[in-house]
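Residue numbers run from 1 in the order of the sequence given. When a ligand or atom number is given, it counts from 1 through the structure's own listing order.
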Amino acid sequence: MKAVVIDEPRSVRLADLPMPHAGADEVVIRVRACGVCGTDLHIFHGGFRADYPVIPGHEFSGEVVEAGAAVEHVRVGDHVTIDPNISCGVCPFCRRGEIHLCTHLTALGVNRPGGFQEFCLAPAKQVYQLPHDLPWEAGAFVEPLACCVHGIDRAQIRASDTVVILGAGSIGLLITQLVRLAGASRVIVSEPSEEKAELARALGADTVLNPRSTDLTQAVRDLTGIGADLVIECVGHPGTVAQALTLPRRGGRVLLFGVNPKEAEVPIRPYEVFLNELTIIGSYINPCTHARAIDLVASGRVKVDPLVSHRLPLDDFPRAMEIAEAGGAVKIMVAGRS
Ligand SMILES: [Zn+2]
Ligand SMILES: [Zn+2]
């Protein structure tokens with residue numbers, strides 16, 4: 001079977017590997033769609049703690065083709081997606097119910113083979129059933145959406161909140177929709193690309209501001225009078241984080257959702273955090289939010305189809321990295337082979 005292998009940073013190849021087989025509590029999934037995530041690009045660049053050589057890809061859907069003897073909740077033929085993050089269950093964090101903070105966390109597509117291959121082996125407990133009529137690509141959006149659901153939980157949106165979202169890439173566009181569903185009365189998105197701005201408007205933004213031609217802090221102040229109840233940074237850049245800190249009202253919250261480079265630093269005035277009683281919130285991956293994310297895509301409450309900007313076959317994975325690197329893509333979807 002074909003598999004994308006990243007041997008070391010910047011070195012990607014297509015390999016022919018033996019078919020995996022399921023142990024008692026594992027399943028083999030024929031991958032039908034796998035989304036390219038910023039993390040895959042980080043792994044390609046070497047800016048992420050992956051175990052090389054690695055088969056990347058952690059946002060995928062597919063069909064169960066083999067299930068171990070002890071597997072009961074899914075069967076051969078089922079359509080599924082996976083929670084790529086595997087927690088140990090016994091460390092101090094797992095035992096407090098904070099499984100995503102697990103000391104021994106490993107992940108498909110990072111520390112063990114992921115979805116950019118024809119067949120992927122997964123521990124059965126990571127596997128979630130999808131409705132049979134859900135398109136494969138929608139199934140591949142469950143993982144990033146589950147991360148966003150966790151972020152929205154962390155942000156504790158209240159009905160009527162005014163929310164500013166920085167960045168309308170695939171994450172910003174999922175967050176835009178969730179913020180709407182969570183009851184925000186006004187959604188302001190900051191996005192320089194006109195194409196992405198158009199998508200943000202179509203998916204629920206009331207106002208889209210271009211941060212290159214607008215003084216964002218002033219514009220948000222003008223629109224809200226006092227600043228935003230909640231600001232969500234979805235870019236993962238120190239410049240936008242610094243900008244995010246200028247946008248909340250007194251008593252407001254800032255959710256840092258975008259993944260910054262590891263070494264990035266942002267100047268912050270503690271006095272202003274004190275004086276304005278700001279809350280700065282982190283959000284990491286997707287503990288137990290997959291089932292909710294599946295409900296959101298299956299019900300059509302969250303639209304994912306408009307987010308797919310590129311579709312490529314598995315063989316073109318190196319090109320997917322080039323497109324992702326160039327920026328401008330929203331979501332690149334890599335199709336499995338049939
Ligand atoms: Zn991802
Ligand atoms: Zn643990």
Side-chain angles (χ1 to χ4, degrees), residues 4 6 31 33-45 47-50 54-62 81-117 120 122-123 125-126 128 136-152 167 169-175 178 233-236 256-262 282-290 293-294 296-297 302 304 307-310 317 320-321 323-325 329-334:
V4 168
I6 299 179
V31 179
C34 187
V36 174
C37 171
T39 303
D40 298 312
L41 195 59
H42 285 310
I43 291 172
F44 178 59
H45 284 156
F48 202 78
R49 35 143 205 101
V54 63
I55 297 172
H58 56 274
E59 305 179 353
F60 68 91
S61 64
T81 187
I82 54 121
D83 173 355
N85 302 299
I86 306 168
S87 54
C88 76
V90 295
C91 76
F93 298 97
C94 283
R95 296 225 152 144
R96 281 168 173 76
E98 295 166 357
I99 57 167
H100 57 311
L101 305 180
C102 173
T103 319
H104 308 292
L105 196 76
T106 56
L108 274 79
V110 181
N111 315 102
R112 47 185 288 165
F116 290 120
Q117 56 179 339
C120 183
K125 73 180 174 79
Q126 304 304 121
Y128 286 74
W136 296 117
E137 289 183 351
F141 267 101
V142 167
E143 197 277 341
L145 181 60
C147 292
C148 296
V149 168
H150 180 56
I152 295 299
S170 60
I171 290 295
L173 292 168
L174 293 174
I175 290 275
L178 289 178
E233 202 274 356
C234 298
V235 181
L256 301 183
F257 196 83
V259 183
N260 268 259
K262 246 196 278 185
S283 179
Y284 182 57
I285 61 175
N286 41 24
C288 301
T289 45
H290 270 67
I294 290 168
L296 286 165
V297 288
V302 169
V304 293
L307 275 54
V308 180
S309 58
H310 298 77
F317 183 83
M321 291 292 95
I323 296 168
E325 239 170 358
V330 180
K331 179 58 83 181
I332 305 168
M333 203 49 86
V334 174

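Taking the six-membered ring where tryptophan is involved, the planes of H150 and H100 are perpendicular, since the angle between them exceeds 60° and thus also 30°.
Residue H104: no N/O/S atom is found under 2.8 Å from the Zn ion (ligand 2). The Zn ion (ligand 1) has no N, O or S atom of C147 closer than 2.8 Å.
Summarising the geometry, atom CD1 belonging to I332 is positioned 6.5 Å from atom CE belonging to M321; distances are rounded to the nearest 0.5 Å.
The Zn ion (ligand 2) forms the vertex of an angle spanning SG of C91 and SG of C88; to the nearest 10 degrees it equals 110°.
Taking the N/O/S atoms of E59 in turn, the shortest distance to the Zn ion (ligand 1) belongs to OE2. Nearest to the Zn ion (ligand 1), among the N, O or S atoms that H58 has, is NE2.
At least one side-chain heavy atom of I152 sits less than 4.5 Å from a side-chain heavy atom of I175.
At least one donor-acceptor pair under 3.5 Å links the side chain of Q117 to the backbone N or O of G114.
Each of D40, I43, I82 was scored for a side-chain contact (heavy atoms from CB on, under 4.5 Å) with H58, with one residue passing: D40.
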